[in-house]
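In what follows, a structure is listed as structure tokens, so that the remarks can point back to it.
For ligands, and for the atoms within them, numbers begin at 1 and follow the listed sequence. For the numbers below, each heavy atom of this structure counts, side chains included, while hydrogens, waters and symmetry mates do not. Quantities reported herein were computed from a predicted structural model and do not represent experimental measurements.
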Amino acid sequence: MTAPFEWTPDARELADLELLLAGAYHPLTGFMGPADAHAVAEHGTLSDGTPWPAPVTLALPGDHPAAPGDRITLHDPEGAPLAVLTVTEHSGGLAAGPVEALGTPEHGPFARLRRAPADVRKELAGRPVLAVTMRGPLDDLAEIEATAAELEATVLLLPLAFGEAGPAVVRAALKARDRLAAGAAGDAGDATVVVVPLAPRSDHAVDLELRERVAEAYGATEHLAGPEPVVIPGPPHRRGLVVFFTGLSGSGKSTVARGLRDALLERGSRTVTYLDGDVVRHLLSAGLGFSRADRDLNIRRIGFVAAEAARHGGLAICAPIAPFAATRAEVRDMVEAVGADFLLVHVATPLAECERRDRKGLYAKARAGLIGEFTGISSPYEEPDDADLVIDTTGLSVEQAVAAVLDPLVAGGWVR
Ligand SMILES: Nc1ncnc2c1ncn2[C@@H]1O[C@H](COP(=O)(O)OS(=O)(=O)O)[C@@H](OP(=O)(O)O)[C@H]1O
Ligand SMILES: Nc1ncnc2c1ncn2[C@@H]1O[C@H](COP(=O)(O)OP(=O)(O)O)[C@@H](O)[C@H]1O
């Protein structure tokens, strides 16, 4: 039986897919099921005994109907079809089976430096190959030069480009190649750079073994792992920041958020993007209602825009109700993924006070049954347990409430 399923894997799975299709994960030709993934994690072999260091899996929701024999077209996030997975097993939340390429994928930055392992092997054949896998700059080239000289080997620099830091690692490899060419006599002087989209594994030993296996697929006869990158985050006032208010309607989110925006503009030390709730609902999220699915989409859109502002070092302020913990956590992840900071401010004014204020008369309408799915009345609000700051505006002046947010931003160095 075949069904025309379509699926967009996450970034890590897409990186694995690219390596599977290129033959860089030889002898693997597809994603593993739970039994192989378990065997690999436990014993470092597939269930048939073939040595392999790390699980290579594709998650599908448990209720996805794909069954053995079905074909799933795998897309990139922009919708371009990349490959077809023929399902041999769908269990434990994983879809297993071989993958076949559909056309040539678009690769983004440094596409010209991504090459099939077979081509690289062919080009470098006949001499020992010293492969250096790298996730950060190679400050000291002496070991590479010495090893290459000793082995009479060609140097193959393999920047492991994954995620936001990917292009920087490739630039570091190109720089290392130029320095080798300028400095070295002989073998290290004509290093080849090939970009490999290998996502890091959390277990360091597993990560190193997988790097070695992949390096072998590109023809390595010897492998050196470059040093772990040292990430030195910029000072807080230069980093992107998203201040994300959450709380019931009438709790004071917009009032405090606007006050914070104005205070920041008066100081003038940061660029500010204010994603006003009404503007969002009228423009970015026009047409969405208050079902869980619509609220989640609304929050994801807000998170997307805020993360884009923060990616470039900006400070974004958002003030939606955002009643669901899982969606707030998604936004935190989106923001942190671009290297920015995320501060969740829970405006924890109790429901009774919000209802007493009832600035827009919505609570009265909700109590009368005129508005359905109203947060706190007929739709849930999940209290955060991961708030960075909690303020109850009951009995506070607006100035005091704004200061309760601004002061920690100054104390934490985000605002000068
Ligand atoms: N059913 C229901 N539930 C909650 N709120 C409702 C509803 N219908 C309309 N409104 C008005 O919409 C504002 C909340 O929109 P948000 O975008 O912040 O909500 S959410 O984060 O998507 O849940 C909220 O504005 P604030 O009072 O500023 O919070 C309400 O005025
Ligand atoms: N300390 C305070 N901080 C924020 N709002 C307050 C405070 N004290 C009273 N309020 C009043 O509470 C209401 C909060 O409304 P709003 O800011 O629109 O809330 P939300 O955006 O959470 O729905 C406003 O009428 C505001 O004047």
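The shortest non-hydrogen separation linking Thr246 to Lys253 is C-CD, 3.7 Å. In this structure, Thr271 and Gly314 approach most closely via the heavy-atom pair OG1-CA, 3.7 Å. Scanning all heavy atoms of the two residues, the minimum distance from Ala66 to Leu60 falls at CB-CD1, 4.1 Å.
Both the backbone and the side chain of Lys253 come within 4.0 Å of ligand 2, judged by heavy-atom distances. Residue contacts with ligand 1, taken as heavy atom pairs separated by less than 4.0 Å, involve Leu362 solely via side-chain atoms from C-beta onward. When non-hydrogen atoms are compared, ligand 1 lies under 4.0 Å from neither the backbone nor the side chain of Asp278. Here Ala319 has no heavy atoms under 4.0 Å from ligand 2, in either its backbone or its side chain. Using a 4.0 Å cut-off between heavy atoms, Ala401 contacts ligand 2 through its side chain alone, with no backbone atom that close. Using a 4.0 Å cut-off between heavy atoms, Ser379 makes no contact with ligand 1 at all. Of the heavy atoms in Val256, only side-chain atoms (C-beta onward) come closer than 4.0 Å to ligand 2.
From the protein, the heavy atom lying nearest to atom 19 (O) of ligand 2 is Gly252 N, 3.1 Å. Considering only non-hydrogen protein atoms, atom 1 (N) of ligand 1 sits nearest to Glu373 O, 2.8 Å. From the protein, the heavy atom lying nearest to atom 21 (O) of ligand 1 is Ala322 N, 2.8 Å. The nearest heavy-atom contact from the protein to atom 23 (O) of ligand 1 is Arg295 NH1, 2.8 Å. Nearest protein heavy-atom contact of atom 18 (O) of ligand 1 is Ile321 N, 2.9 Å. Closest to atom 6 (C) of ligand 2 among all protein heavy atoms lies Arg357 NH1, 3.9 Å. The single protein non-hydrogen atom nearest to atom 25 (O) of ligand 1 is Lys360 NZ, 3.3 Å, given as residue, atom name and distance. The single protein non-hydrogen atom nearest to atom 27 (O) of ligand 1 is Ser249 OG, 2.5 Å, given as residue, atom name and distance. At the shortest separation from atom 25 (O) of ligand 2 among protein heavy atoms lies Arg359 CD, 2.5 Å. The shortest contact between atom 4 (C) of ligand 1 and any protein heavy atom is with Thr375 OG1, 3.4 Å. In terms of protein heavy-atom proximity, atom 12 (O) of ligand 1 is nearest to Phe290 CZ, 3.2 Å.
Inter-residue side-chain proximity for Leu406 and Leu260 is flagged as met; some heavy-atom pair is nearer than 4.5 Å. Using a 4.5 Å heavy-atom cutoff, the side chains of Ile371 and Phe290 are not in contact. Between Pro53 and Arg213, the closest side-chain pair of non-hydrogen atoms falls below 4.5 Å.
Relative ring orientation between His64 and His90 is described as perpendicular, the plane-to-plane angle rising above 60° on a 0-90° scale split at 30° and 60°.
The option with the heavy atom closest to atom 20 (S) of ligand 1, from among Arg357, Arg281, Lys253, is Arg281. Between atom 3 (N) of ligand 2 and the options Ile391, Thr393, Thr349, the minimum heavy-atom separation is to Thr393.
At a 3.5 angstrom cut-off on N or O pairs, Ala319 does not count as close to ligand 1. In terms of polar-atom proximity, defined here as any N/O pair under 3.5 Å, Gly372 does make such a contact with ligand 1.
Residues Asp386 and Arg328 are not paired through a salt bridge, judged by the lack of any N-O separation under 4.0 Å between the basic side chain and the carboxylate. In this structure, Asp276 does not pair ionically with Arg261, as no charged nitrogen and carboxylate oxygen lie closer than 4.0 Å. Between Glu373 and Arg295 there is no salt bridge, since no side-chain nitrogen of the basic residue lies less than 4.0 Å from a carboxylate oxygen of the acidic one. A salt bridge links Arg332 to Asp388: at least one charged side-chain nitrogen sits closer than 4.0 Å to a carboxylate oxygen. A salt bridge does not link Arg258 to Asp262: none of the charged nitrogens lies less than 4.0 Å from a carboxylate oxygen.
Short contacts between ligand 1 and Ile299, defined as distances under 4.0 Å to a heavy atom of the residue, involve ligand atoms 21 (O). Ligand-side atoms of ligand 2 in range of Ser397: 1 (N), range being under 4.0 angstrom from any heavy atom. The Thr255 neighbourhood of ligand 2 comprises atoms 4 (C), 5 (N), 14 (C), 15 (O), 16 (P), 17 (O), 24 (C), 26 (C), with distances under 4.0 Å to a heavy atom of that residue. Close contacts between ligand 2 and Ser249 involve ligand atoms 23 (O) [criterion: under 4.0 Å to a heavy atom].
A donor-acceptor contact closer than 3.5 angstrom links the side chains of Thr393 and Arg357.
Leu248 counts as a contact of ligand 2, since one of its heavy atoms falls under 4.0 Å from the ligand. Within the structure, the closest approach of Gly247 to ligand 2 does not fall below 4.0 Å when heavy atoms are considered.
Formation of a donor-acceptor pair under 3.5 Å by the Arg135 side chain with backbone atoms of Ala225 is not found in this model.
A centroid separation of less than 6.0 Å is found between the aromatic rings of His346 and Tyr381.
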